[in-house]
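All values below come from the heavy atoms of this structure, side chains included, with hydrogens, waters and symmetry mates left out. So that the names make sense, note that chain A is the first sequence line, chain B the second, and so on, each numbered from 1.
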2 protein chains.
Amino acid sequence: MQKKVTHELNPNVSVDCVIFGFDLEKLTVLLIDRGQQTQHGPRLALPGNLIYNDETLDQAANRVLDELAGINDIYLEQVGAFGDPNRICKDADREWLQTIRAEPEARVITVAYYSLVKMSDYSPHASSFAKTAGWAPVSEIFELAFDHFEILQAAKDKLRQKIKIQPIGFNLLPEKFTLSQLHKLYESILDKPLDKRNFRRKVQKIGIVTALKEKQRGVPHKPSLLYKFNEEKYEALSKNGYDNFDF
Amino acid sequence: MQKKVTHELNPNVSVDCVIFGFDLEKLTVLLIDRGQQTQHGPRLALPGNLIYNDETLDQAANRVLDELAGINDIYLEQVGAFGDPNRICKDADREWLQTIRAEPEARVITVAYYSLVKMSDYSPHASSFAKTAGWAPVSEIFELAFDHFEILQAAKDKLRQKIKIQPIGFNLLPEKFTLSQLHKLYESILDKPLDKRNFRRKVQKIGIVTALKEKQRGVPHKPSLLYKFNEEKYEALSKNGYDNFDF
DNA sequence: TTTGAAAGTGTTAAAATGACACGAAGTTAA
DNA sequence: TTAACTTCGTGTCATTTTAACACTTTCAAA
């Protein structure tokens with residue numbers, strides 16, 4: 001007898017995605033505006049959806065990203081599962097719930113992911129982008145629908161941990177970037193000021209960036225040298241177990 | 001209308017627990033022997049069960065620990081969700097599945113936890129202990145039922161990460177312990193040798209242990225001083241954001 | 001040509017790390 | 001009682017890492 005895991009929505013399990021971007025000044029997240037659907041509670045929410053029974057959780061998360069904004073092949077990491085029985089039990093949520101799932105009375109646990117995208121590739125003006133979605137600075141978010149604020153916090157914590165160990169921050173930057181931009185990126189993720197000279201010294205000593213023969217253009221001050229991520233160097237380092245990216 | 005999240009098993013979500021212990025020599029895990037129920041595949045599995053619709057995931061994990069061995073008030077941390085559609089689809093598993101759940105054809109995702117227990121409190125000889133469960137050294141486990149080996153690996157990784165940041169290892173030791181035991185604990189979790197003198201120096205400098213006025217007894221060699229975990233000191237450190245427990 | 005704004009650069013003191021070996025204190029067996 | 005065995009417990013030094021700190025340069029815009 002064949003197991004009947006078919007292409008149907010599973011009413012009990014969803015995925016939610018914390019999509020981080022970096023506008024070259026501060027860390028941002030992609031949020032859905034549920035304004036049209038609900039009068040109650042916070043309008044902003046994380047993008048997410050129920051999973052299908054024949055896809056893995058990672059696939060479900062990738063699907064959500066793809067459906068929302070055509071985002072593919074992106075850095076994706078699981079945050080964890082969130083399953084308070086009351087996480088979406090408020091009456092206020094019911095109307096919204098009905099817009100995305102068949103059984104609004106079901107108990108739903110969600111598996112949260114965070115992803116890192118080059119924001120320039122997915123600006124709200126891009127055609128692929130859902131009209132109801134937009135970037136918001138992480139530091140200016142104080143509430144979200146359901147338990148999504150809690151999920152956002154957990155995602156930030158995970159990201160902060162991870163970036164001390166792996167140089168995943170480059171997923172948030174364009175191919176060419178300045179050391180100041182990298183510096184600000186680390187400051188906004190670690191949420192603390194870092195000494196400019198010490199930061200630059202360590203980045204360059206590790207050798208994780210390569211200087212290009214090209215300068216920033218169009219800035220009203222001394223233009224910075226541009227750099228790119230040195231992937232080969234990173235491969236070599238991680239092969240040797242190097243894991244100190246704590247600036 | 002009240003949401004009907006009732007006290008029923010949810011057929012789509014389970015929790016599995018990686019229960020770590022330390023026998024004062026090496027790291028161990030508590031495993032279930034499914035020998036009686038299945039002829040196919042590995043006999044050993046992690047303890048786990050479906051969740052009830054009216055309990056949180058944390059509560060479900062605690063319930064599993066309690067039902068299995070009367071384990072309460074224990075260090076518990078989520079590892080993550082595992083949801084490959086085929087993770088328990090093998091025919092070989094079906095008979096076993098029927099012993100723990102109503103719908104063997106359902107697609108089940110599982111939320112994994114790891115917990116740290118003082119092994120002496122939960123020896124296989126304790127009456128509360130399930131007859132089919134037992135401790136196995138982590139280093140000697142190479143396969144488990146379902147995707148449980150993968151879960152075990154993930155739990156080990158999480159534990160290794162975490163112990164570099166928080167001194168959670170004391171949850172695995174008796175109240176009174178020797179520095180050698182602590183040393184071996186860190187070596188088995190980090191899976192690498194640590195220099196004895198450097199390890200002791202750092203532990204004592206941090207001030208995370210307090211020397212007792214009592215020595216080890218009944219050992220056929222020079223007895224060691226006993227120590228206890230200095231909880232107050234740790235509170236003070238973590239209040240100041242100290243998080244370097246990387247030996 | 002002056003002003004404004006960010007880029008880019010080096011030193012030093014303090015702390016942390018990593019490598020390394022031997023005498024002391026107990027038990028057990030001869 | 002003595003010898004043998006096992007683990008306990010300890011300090012130094014060279015190297016590396018960290019943290020703190022300020023001024024000149026370069027470009028665009030006014």
(message) Under a 3.5 Å distance rule, please check whether E235(A) uses its side chain to pair with a backbone N or O of E232(A) as donor and acceptor.
(response) no
(request) Let me know, please, whether K205(B) or Q216(A) comes out on the 5' side of the other along DNA chain C by nearest nucleotide. (result) Q216(A)
(request) Could you tell me whether the side chain of K228(B) and the main chain of K176(B) form a donor-acceptor pair under 3.5 Å? (result) no
(message) Below the 4.0 Å mark, does dA7(C) have OP1 or OP2 next to a side-chain nitrogen or oxygen of S180(A)?
(response) yes
(request) Verify the contact: side-chain N or O of R201(B) to OP1 or OP2 of dG11(D), cut-off strictly under 4.0 Å; return yes or no. (result) no
(message) On DNA chain D, does the nearest nucleotide to P223(B) precede the nearest nucleotide to N198(B) from the 5' side, or the other way round? Give the residue.
(response) P223(B)
(message) With a 6.0 Å cut-off (strictly less than), is the heavy-atom count around CG of D73(A), excluding the residue itself, greater than 12?
(response) no
(request) Would you indicate which nucleotide in dG11(D), dG10(C), dT27(C) comes nearest to any side-chain atom of P220(B)? (result) dT27(C)
(request) Please state how far atom CG in L194(A) lies from atom P in dC21(D), giving the value in whole angstrom units. (result) 15 Å
(request) Quickly work out the D195(B) CG to dC13(D) C1' distance and round it to whole Å. (result) 14 Å
(message) Nearest whole Å is fine: how far is dC20(C) P from F199(B) CZ?
(response) 20 Å
(request) Measure from CZ on R217(A) to C1' on dC27(D) and round the result to the nearest Å. (result) 11 Å
(request) Taking only the side-chain nitrogens and oxygens of K215(A), find out if one of them lies under 4.0 Å from OP1 or OP2 of dC27(D). (result) yes
(message) At less than 4.0 Å, is any side-chain N or O atom of K196(B) found next to OP1 or OP2 of dG9(D)? Yes or no.
(response) no
(request) Would you mind telling me which residue lines up with the more 5' stretch of DNA chain C, H221(B) or F247(B), judged by nearest nucleotide? (result) F247(B)
(request) Please check the phosphate of dG8(C) (OP1 and OP2 only) for any side-chain N or O of S224(A) closer than 4.0 Å. (result) yes
(message) Tell me whether the side-chain N or O atoms of R200(A) pair up with the base of dA7(C) as donor and acceptor below 3.5 Å, since no angle test is needed here.
(response) no
(request) Report yes if at least one side-chain N or O of K202(A) is closer than 4.0 Å to OP1 or OP2 of dT17(D); otherwise report no. (result) no
(request) Take the protein atom CG of N244(A) and the nucleotide atom P of dT16(D), then report the distance between them rounded to whole Å. (result) 15 Å
(request) Write down the distance between CG (L225(A)) and C1' (dA6(C)), rounded to a whole number of angstrom. (result) 14 Å
(request) With the side chain of K222(A) defined as its heavy atoms from C-beta on, choose the nearest nucleotide among dT6(D), dT17(D), dT26(D). (result) dT26(D)
(message) Using whole Å, what does the distance between atom P of nucleotide dT18(D) and atom NZ of K164(A) come to?
(response) 13 Å
(request) Would you mind classifying the nucleic acid contact of L179(B) as base, sugar-phosphate or nothing, using non-hydrogen atoms under 4.0 angstrom? (result) nothing
(request) Compute both the distance and the angle, then confirm whether R160(A) meets the cation-pi test with F247(A): under 6.0 Å from the six-membered ring centre, within 45 degrees of the axis. (result) no
(request) Using atom types as modelled and distance alone, determine if a side-chain donor or acceptor of N230(A) lies under 3.5 Å from a backbone N or O of K233(A). (result) yes
(request) Specify the separation, in whole Å, of atom CD1 of I206(B) and atom C1' of dT17(C). (result) 13 Å
(message) Test your reading of the model: is there a side-chain donor-acceptor pair from Q78(A) to the backbone of A81(B), 3.5 Å cut-off?
(response) yes
(message) Using the side-chain heavy atoms of R197(B), tell me which of these nucleotides is nearest: dT10(D), dC27(D), dC8(D).
(response) dT10(D)
